[in-house]
Amino acid sequence: MTHEESRETTGPEPHLSPRERERFDECVLPYLDAAYNLARYLLRDGDQAEEAVQEAFLRAIRHFGGFRGADGRAWILSIVRNTCFTQLRRRRSGGAMVEFDEEAHSLEAELSAPEADLARAIASESVHEGLGRLAAEFREALVLRELEGLSYKEIAHVMGVPIGTVMSRLARARKQLLLALGAGAKESV
Amino acid sequence: MASAHVFDRLSAFLDDELDPVASGEVSQHLESCPDCSAALARQRELGENLRRDLEYHRAPDLLRARVMRDLRAAGRRDAVRSRPAAQAWRWLGAAAAVIAVGGGTWIVATLPRERPDAATAREAVSGHIRSLMANHLTDVASTDQHTVKPWFSGRLDFSPPVTDFAAANYPLVGGRLDYLQGRPVAALVYMHRMHVINVFVWPMSDAHEGIAPALTQRGFHVIHGTRAGMAYWVVSDLNAEELAAFAQLLAAPSGKP
Ligand SMILES: [Zn+2]
């Protein structure tokens with residue numbers, strides 16, 4: 001999504017004609033579960049995820065007139081993830097926009113050294129806990145791929161990045177998750 | 001081909017997202033490199049674990065209700081702008097079949113889309129479909145009206161009338177809570193032959209008693225009625241005649257129309 005991500009209270013009044021509503025019900029509404037699932041894994045909080053998804057759907061209703069594509073799922077998921085990342089950035093840096101840097105964002109950089117040791121020590125950590133230790137960008141890639149079964153092209157569409165970035169992000173995400181689970185220490189170099 | 005080079009591609013290889021040439025190179029390398037083969041196996045196993053162990057979080061009912069409410073509101077603004085209020089009831093004159101029973105009039109019809117009650121009907125149909133797809137037809141499964149009715153008290157701020165119509169071949173199979181019109185409602189579930197009938201009930205004190213907007217949507221029939229201060233929305237894929245017969249039972253549950 002390229003439009004302004006700021007407060008949605010200033011946008012046009014959301015309205016859908018009956019024809020648009022019907023199209024919305026067909027192309028977008030079926031992905032409410034997918035939207036919530038993604039938000040839930042990104043924000044890691046049920047209430048915040050509900051709030052983000054409702055906001056995203058309001059945004060989607062408001063901008064539905066401009067949606068010409070065929071892929072309603074990628075479209076709504078991109079709105080949901082943008083809504084979530086706006087929240088996450090506020091959390092991370094008190095509102096400043098910080099670009100995600102894959103190279104700098106290693107698991108070790110996130111964890112202090114003793115925690116990193118701990119992560120390796122707990123070999124039996126559940127995948128859920130392991131996933132929670134990853135940067136949101138990596139969680140996102142894994143959820144879209146493993147739980148939604150999206151192609152790299154679709155994931156690229158959702159994230160708004162080139163396919164090559166999807167490829168490297170997923171590779172890193174898997175490597176880091178294996179590391180967090182204690183199964184991939186060997187590959188962590 | 002160097003191991004390091006292959007190593008970075010294993011993830012995309014696993015996802016079958018490499019072009020054929022690159023994919024061929026990786027396959028060839030894997031045949032002779034136990035390290036890369038082991039790494040691929042670990043990644044494959046990781047994917048299986050994720051798909052098996054991670055919960056797929058489905059949207060909670062309340063969130064769904066909120067989104068539906070927003071959608072309804074967005075449709076209403078448009079409807080208000082595009083159609084004078086006085087025309088809202090004009091479709092009544094075009095209704096195909098009118099059944100007058102006891103205290104109420106029940107109408108079944110296939111009508112143009114932009115009726116004022118279309119949004120509610122759509123919601124009722126969505127609720128019906130959801131109850132079938134989500135494997136969540138009933139919260140309380142019982143054919144006994146004396147079990148189902150008390151179940152709702154404490155869960156709702158109103159008490160829906162619950163009657164079993166098994167004698168007329170419309171047995172009650174249970175009830176559940178649902179959300180329509182942005183509020184919790186009672187959903188009574190009946191069967192007729194192999195067809196599920198959802199009856200959504202909520203209080204509607206200011207309703208025109210007996211006026212029953214109804215329509216056919218997405219292959220489902222929707223019959224709407226009000227009786228004794230309650231709104232009833234009846235949804236099923238049952239044919240219109242048999243559903244109308246059921247509506248008659250609802251309209252006169254004592255059997256004495
Ligand atoms: Zn190798």
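When heavy atoms are compared at a cutoff of 4.5 Å, A:Phe57 approaches chain B solely by way of its side chain, counted from C-beta outward. Looking at A:Leu131, the atoms closer than 4.5 Å to chain B (heavy atoms on both sides) all sit in the side chain, from C-beta outward. In this structure, chain B has a heavy atom under 4.5 Å from the side chain of A:Ile61, while its backbone stays farther away. Contacts between A:Arg174 and chain B at a heavy-atom distance below 4.5 Å involve backbone atoms as well as side-chain atoms. For B:Leu54, the parts lying near chain A are the backbone and the side chain together; criterion is any non-hydrogen pair under 4.5 Å. Within the 4.5 angstrom heavy-atom criterion, atoms from both the backbone and the side chain of A:Ala34 approach chain B. Neither the backbone nor the side chain of B:Glu45 comes within less than 4.5 Å of any heavy atom in chain A. For B:Arg52, no part lies under 4.5 angstrom from a heavy atom of chain A. Heavy atoms of A:Leu142 lying under 4.5 Å from chain B belong exclusively to its side chain.
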Criterion salt bridge (charged side-chain N to carboxylate O under 4.0 Å, His left out) on A:Arg172 and B:Asp8, from CA distance to verdict: CA-CA 9 Å; A:Arg172 279 169 190 279; B:Asp8 288 340; over 6 Å; no

Pair A:His128-B:Asp53, side chain to side chain contact (heavy atoms under 4.5 Å, CB included): steps then yes or no: CA-CA 8 Å; A:His128 186 264; B:Asp53 294 343; over 6 Å; no

Derivation of the side chain to side chain contact (heavy atoms under 4.5 Å, CB included) call for B:Leu71 and A:Phe24: CA-CA 9 Å; B:Leu71 269 169; A:Phe24 194 95; 3.6 Å; yes

Side chain to side chain contact (heavy atoms under 4.5 Å, CB included) between A:Val143 and B:Leu50, intermediate numbers included: CA-CA 9 Å; A:Val143 167; B:Leu50 286 170; over 6 Å; no

Check against side chain to side chain contact (heavy atoms under 4.5 Å, CB included), A:Asn37 and B:Arg58: CA-CA 6 Å; A:Asn37 186 54; B:Arg58 303 205 177 274; over 6 Å; no

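Heavy atoms only, all atoms of each residue included: A:Leu170 and B:Ser11 are closest at C-OG, 3.8 Å. What you find for A:Glu50 and B:Leu63 is that their closest heavy atoms are O-CD1, 3.4 Å. Nearest heavy atom pair, residue B:His57 against residue A:Tyr36, reads O-CD2, 3.3 Å. A:Leu147 and B:Arg51 get closest at one heavy-atom pair: CD2-CA, 4.4 Å.
Between the side chain of B:Asp70 and the backbone N or O of A:Leu58 there is no donor-acceptor pair closer than 3.5 Å. Checking side-chain atoms of B:Arg66 against main-chain N and O of A:Gln54 turns up no donor-acceptor pair under 3.5 Å.
In this structure, B:Asp16 places its CG atom where only 12 or fewer heavy-atom neighbours from other residues, nucleotides or ligands lie under 6.0 Å away.
Most heavy-atom pairs under 4.5 Å with chain B: of the set A:Arg19, A:Met167, A:Arg145, this distinction falls to A:Arg145.
Rounded to the nearest 0.5 Å, atoms NZ (A:Lys175) and CD (B:Gln43) are 9.0 Å apart. The CG atom of B:Asn49 sits 9.0 Å away from atom CG of A:Leu177, with the distance rounded to the nearest 0.5 Å. With rounding to the nearest 0.5 Å, the separation of CZ in B:Arg122 from CZ in A:Arg21 is 4.5 Å.
Residues A:Asp33 and B:Arg64 are in side-chain contact: their nearest non-hydrogen atoms beyond the backbone lie under 4.5 Å apart.
Side-chain polar atoms of A:Glu148 and B:Tyr56 form a donor-acceptor pair below 3.5 angstrom.
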